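Please read all numbers here as calculations on a predicted model, not as lab measurements.
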Amino acid sequence: MTALLKVSQATDIGLARKLNEDSILCDVRDVFVVADGMGGHAAGEVASHIFTATVEKQLLSDDTVLDEGGLRQIFTAGNEAILESIREHPERSGMGTTATMLCIDGKTAYWGHVGDSRLYLLRNGSLEQITTDHTYVAELLAAGSISTAEAMEHPNRNMLMRAVGVEENFRVDTGQLDILSGDMFLLCSDGLTNMVTLAAIKTILEASDCKDKATALIDVAKAGGGLDNISAIVVEYYED
């Protein structure tokens with residue numbers, strides 16, 4: 001039995017921003033990352049690129065184990081690299097990044113996550129969000145203080161409660177799951193999910209005639225307004 005990964009990836013500045021603060025990574029060790037920088041004038045694009053560059057550097061080390069503990073170590077290294085950049089360049093104070101990371105190891109998927117970029121799994125016709133948004137509104141929603149409809153319109157819906165590169169001590173969500181043939185993963189920044197409904201995302205992921213699903217998702221987000229940078233990585237897993 002042979003396992004096959006089919007990957008499509010794309011990132012776009014969108015229609016309203018002057019810079020693309022997103023950074024993505026697809027590594028030969030079947031590691032995938034979407035990072036969405038924050039800080040604007042405080043160099044959000046620098047923070048996201050520092051994180052993905054740190055991931056690449058960590059993957060070159062023979063000591064890096066790609067399980068949940070290993071992903072936490074990678075996140076910690078990325079966090080320290082961003083904080084060190086701020087110490088060397090005080091004008092970058094306030095920058096940080098979200099980061100969502102997926103590692104495929106045989107028939108197991110490991111993931112790590114901080115912020116409001118997302119990881120989804122499409123399996124047997126059901127699209128499930130694997131990660132939890134680390135936002136103020138997500139906390140209100142989880143507490144039952146607001147409805148889903150109110151969350152979509154809340155003025156503070158983009159307020160992050162966790163990010164990489166903001167403080168020394170931070171928490172990383174991690175997890176693992178068994179993979180089945182036909183599973184499809186989507187990593188994306190909120191520039192996609194704020195512009196495109198989950199129903200529309202699912203339709204594109206399930207389209208057998210769509211050869212570049214990541215670009216197709218970005219095109220739909222831009223058609224819906226493209227108010228933010230947009231990034232997507234689609235990973236399809238098959239067994240022969």
Pair S189-D36, side-chain hydrogen bond (donor to acceptor under 3.5 Å, both in side chains): steps then yes or no: CA-CA 6 Å; S189 61; D36 180 357; 4.9 Å; no

Between [X] and [Y], is any pair of side-chain heavy atoms under 4.5 Å apart?
X	Y	answer
T54	Q58	yes
H134	R171	no
L160	D116	yes
T193	C188	yes
R118	D133	yes
T64	Q73	no

Side chain to side chain donor-acceptor pair (under 3.5 Å) involving Q9 - partner list, sequence neighbours excluded: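 With neighbours one apart ignored, the set is empty.
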
Atom of V164, atom of G78 and distance for their closest heavy-atom approach: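 Looking at all heavy atoms of both residues, the shortest contact is CG1-C, 4.1 Å.
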
Smallest separation among heavy atoms of S117 and T98, with atom names: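 Closest heavy-atom pair between S117 and T98: OG-OG1, 2.8 Å.
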
Test log, rule side-chain contact (heavy atoms from CB on, under 4.5 Å), inputs I74 and L66: CA-CA 9 Å; I74 290 173; L66 295 176; 4.1 Å; yes

In chain order, what residues pass the side-chain contact (heavy atoms from CB on, under 4.5 Å) check against [X], with sequence neighbours excluded?
X	result
I86	I82, R92, S93, M95
N194	N158, D190
T197	A199, A200
L180	R123, D183

Roughly how far, to the nearest 0.5 Å, is the [atom2] atom of [Y] from the [atom1] atom of [X]?
X	Y	atom1	atom2	answer
R162	F170	CZ	CZ	9.5 Å
E21	T11	CD	OG1	11.0 Å
K6	K213	NZ	NZ	5.0 Å
R72	M101	CZ	CE	12.5 Å
L4	Y238	CG	OH	8.5 Å
N229	D12	CG	CG	8.5 Å

E167: salt bridge (charged side-chain N to carboxylate O under 4.0 Å, His left out) partners, not counting sequence neighbours: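 None.
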
Partners passing salt bridge (charged side-chain N to carboxylate O under 4.0 Å, His left out) against E84 (at least two apart in sequence or in another chain):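 Only R87 meet the salt bridge (charged side-chain N to carboxylate O under 4.0 Å, His left out) criterion with E84.
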
Ion pair check, D228 and R17, cut-off under 4.0 Å: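 A salt bridge links D228 with R17.
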
Identified side-chain contact (heavy atoms from CB on, under 4.5 Å) counterpart of C103 within the set L59, V33, V31: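 So the option named by the test is V31.
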
Stepwise side-chain hydrogen bond (donor to acceptor under 3.5 Å, both in side chains) check, S48 with T97: CA-CA 5 Å; S48 63; T97 188; 4.9 Å; no

Whichever hydrophobic residues join L122 through chains of side-chain contacts under 4.5 Å: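 When side chains under 4.5 Å apart are linked, the cluster holding L122 also contains Y120, L127, M184, L186, L192, M195, V196, L198, I201, I204, L205, L217, I218, V220, L227, I230, V234.
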
Side-chain cluster (under 4.5 Å, hydrophobic types only) that V7 belongs to, other residues: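 Its cluster mates, by chain and number, are L5, I24, F32, V34, L102, I104, W111, L119, L121, I130, L177, I179, F185, L187, I233, V235, Y237.
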
With F75 via ring-ring contact (aromatic ring centres under 6.0 Å, His included) - residues at least two apart: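 F75: ring-ring contact (aromatic ring centres under 6.0 Å, His included) contacts with F51.
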
Residues which pass ring-ring contact (aromatic ring centres under 6.0 Å, His included) with H49, listed by chain and number, not counting sequence neighbours: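 ring-ring contact (aromatic ring centres under 6.0 Å, His included) check on H49 returns nothing, list empty.
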
Review item, side-chain donor-acceptor pairs of residues 135-147, under 3.5 Å, at least two apart:
unit_1, atom_1, unit_2, atom_2, d
T135, OG1, A138, N, 3.0
S147, OG, E150, N, 3.1
S147, OG, E150, OE1, 3.4

Criterion side chain to side chain donor-acceptor pair (under 3.5 Å) against H113, the qualifying member of T100, T132, D173, T174: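 That would be T100; it is the only one of T100, T132, D173, T174 passing the side chain to side chain donor-acceptor pair (under 3.5 Å) with H113.
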
Heavy-atom donor-acceptor pair, S23 side chain to A35 backbone, under 3.5 Å: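 The answer is no, because no donor-acceptor pair under 3.5 Å joins these two groups.
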
